[in-house]
Amino acid sequence: MTHTPPRPAPADDSARAEIGVIGGTGFYALLDDAREVRVETPYGAPADALTLGTVAGRQVAFLPRHGRGHSTPPHRINYRANLWALRSVGVRQVLAPCAVGSLCRELVPGTVVLPDQVVDRTSGRTGTFFDDVVEHVSFADPYCAAGRAAVLKAAADRGETVTDGATMVVVQGPRFSSRAESQWYASAGWSLVNMTGLPEAALARELALCYTSLALVTDLDAGVAVGDGVSEEAVHRVFATHVARLRELVLTTVGELPAVRDCACGSAPEPARSLFAPGSPGAVQAASVEVRPEVRRPGGSRSQDGRKPS
């Protein structure tokens with residue numbers, strides 16, 4: 001596959017960030033001096049413009065995973081463009097808050113969980129940047145150890161209880177799981193179910209990004225719940241109740257992330273490094289960046305991860 005290089009980027013420090021947050025509505029109002037940046041990628045347009053601002057003295061880029069207004073369902077998200085856009089403005093560490101269903105009664109709605117493993121039950125999604133080269137990237141530990149440690153430190157500082165460690169199974173969506181599927185996932189020892197964790201985490205690893213997922217439990221999944229199972233209304237209600245906690249935890253974590261990376265996430269394989277080499281097709285250095293004037297928007301409580309179909 002041949003990519004046409006985007007136009008060269010201007011040398012503009014205002015369009016740079018070191019930390020990325022991929023999430024839903026509600027983070028805009030917490031970014032100081034927020035401004036929009038539109039980025040072209042070789043993989044098409046990302047979900048929306050990036051919103052750049054300062055948090056705890058760090059430059060942060062926020063990207064709404066589903067686009068503004070939650071307009072793109074989980075199976076239609078352009079995950080490659082989303083991750084590429086963040087890297088093109090300098091992001092090397094990514095925090096990815098998301099909503100999840102619980103596969104065990106111990107993880108009740110409102111619980112914040114820090115997953116340490118992931119299982120892929122999606123289908124038909126484009127899950128790699130390596131279309132034209134054979135490369136097998138290590139994914140044994142999907143989430144950044146330094147990022148996870150930063151979340152735990154931030155939670156302790158805030159007096160926030162976080163469940164450390166869980167396996168998250170990512171399903172295709174946009175429908176919820178059947179009761180039998182949910183019970184099957186639970187019987188395998190998996191604790192959480194989600195619709196957007198992959199290929200997002202795997203693509204981040206291919207781009208040598210540190211990636212950390214923070215999961216907010218919004219419901220007991222069909223195999224655990226009694227009655228009619230998961231309802232969209234209940235998920236939205238729980239999410240709206242707890243989204244402020246999750247936002248504050250994410251923003252506190254930003255200040256705890258290391259200024260210099262010393263984890264294994266930054267060890268990109270040779271084919272990945274070639275993606276970013278000057279002069280290569282679709283090189284990050286050739287991304288087109290358009291900075292727009294300062295914008296501020298009110299927060300919201302829309303579910304962040306496609307747990308709810310659009």
Side-chain angles (χ1 to χ4, degrees), residues 3-69 72 77-97 129 147 200 203-204 206-212 250-251 253-255 257-261 265-266 268 272-273 275-297 299:
H3 298 303
T4 301
R7 297 185 302 273
D12 185 351
D13 288 342
S14 70
R16 305 294 291 175
E18 54 182 316
I19 296 166
V21 176
I22 304 175
T25 329
F27 285 81
Y28 301 111
L30 295 181
L31 293 175
D32 296 334
D33 301 320
R35 57 203 177 278
E36 281 191 359
V37 172
R38 293 203 171 271
V39 182
E40 294 180 9
T41 88
Y43 305 98
D48 213 314
L50 307 183
T51 304
L52 272 61
T54 303
V55 176
R58 311 288 293 274
Q59 294 301 308
V60 176
F62 169 77
L63 176 65
R65 183 181 283 119
H66 297 266
R68 200 167 302 168
T72 307
I77 293 171
N78 190 340
Y79 293 96
R80 292 200 296 184
N82 283 357
L83 271 299
W84 189 279
L86 288 171
R87 198 185 197 285
S88 73
V89 297
V91 166
R92 295 298 182 269
Q93 301 181 77
V94 175
L95 298 175
F129 290 102
E200 193 170 89
L203 291 169
E206 287 189 352
L207 292 183
L209 302 177
C210 298
Y211 182 93
T212 306
V250 167
L251 297 184
T253 300
V254 166
L257 289 171
V260 178
R261 297 195 297 167
C265 306
R273 289 198 294 272
L275 292 173
F276 318 129
S280 66
V284 166
Q285 289 84 350
S288 175
V289 179
E290 174 191 354
V291 182
R292 293 195 170 193
E294 175 176 313
V295 292
R296 292 185 182 275
R297 294 186 178 83

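Residues Ala81 and Gly44 approach most closely at CB-O, 3.5 Å, considering heavy atoms. Across all their heavy atoms, Thr212 and Gly147 have their closest contact at OG1-CA, 3.3 Å. Closest non-hydrogen pair, His66 versus Ala47, comes out as C-CB, 4.2 Å. Shortest non-hydrogen contact noted between Leu83 and Leu209 is CD1-CD1, 3.7 Å. When all heavy atoms of Arg261 and Gly266 are compared, the pair lying nearest together is NH2-CA, 3.7 Å. Looking at every heavy atom in both residues, Val91 comes nearest to Gly20 through CG1-N, 3.4 Å.
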* Intermediate values then yes/no, side-chain contact (heavy atoms from CB on, under 4.5 Å), Val21 and Val250 -> CA-CA 8 Å; Val21 176; Val250 167; 4.1 Å; yes

* To do: Start with the C-alpha distance between Ile77 and Glu200, add both sets of side-chain angles, then the distance that settles side-chain contact (heavy atoms from CB on, under 4.5 Å), and finish with yes or no.
  => CA-CA 10 Å; Ile77 293 171; Glu200 193 170 89; 5.9 Å; no

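A donor-acceptor pair under 3.5 Å is absent between the side-chain atoms of Glu36 and the main chain of Thr51, judged by distance alone. The backbone N or O of Gly57 lies less than 3.5 Å from no partner atom in the side chain of Thr54, so there is not a single donor-acceptor pair. Counting only distance, with no hydrogens or angles, the side chain of Asp48 and the backbone of Pro64 share no donor-acceptor pair below 3.5 Å.
The CZ atom of Arg35 lies 11.0 Å from the CG atom of Leu50; values are rounded to the nearest 0.5 Å. The CG atom of Leu86 lies 5.0 Å from the CD1 atom of Ile22; values are rounded to the nearest 0.5 Å. One distance of note links CZ of Arg58 with CG of Leu257; it measures 6.0 Å at 0.5 Å rounding.
Side chain to side chain, Gln93 and Tyr211 fail the donor-acceptor criterion of an N or O pair below 3.5 Å.
Of the candidates Leu63, Val89, Asn82, Val39 forms a side chain to side chain contact (heavy atoms under 4.5 Å, CB included) with just one, namely Val89.
Here the side chains of Leu95 and Thr253 are in contact, with some heavy-atom distance below 4.5 Å. Here the side chains of Pro46 and Thr41 are in contact, with some heavy-atom distance below 4.5 Å.
Between Arg92 and Glu18 there is no salt bridge, since no side-chain N of the basic residue sits under 4.0 Å from a carboxylate O of the acidic one.
Ring geometry, Phe129 versus Tyr43: the interplanar angle exceeds 60°, so the pair is classed perpendicular (tilted spans 30 to 60°).
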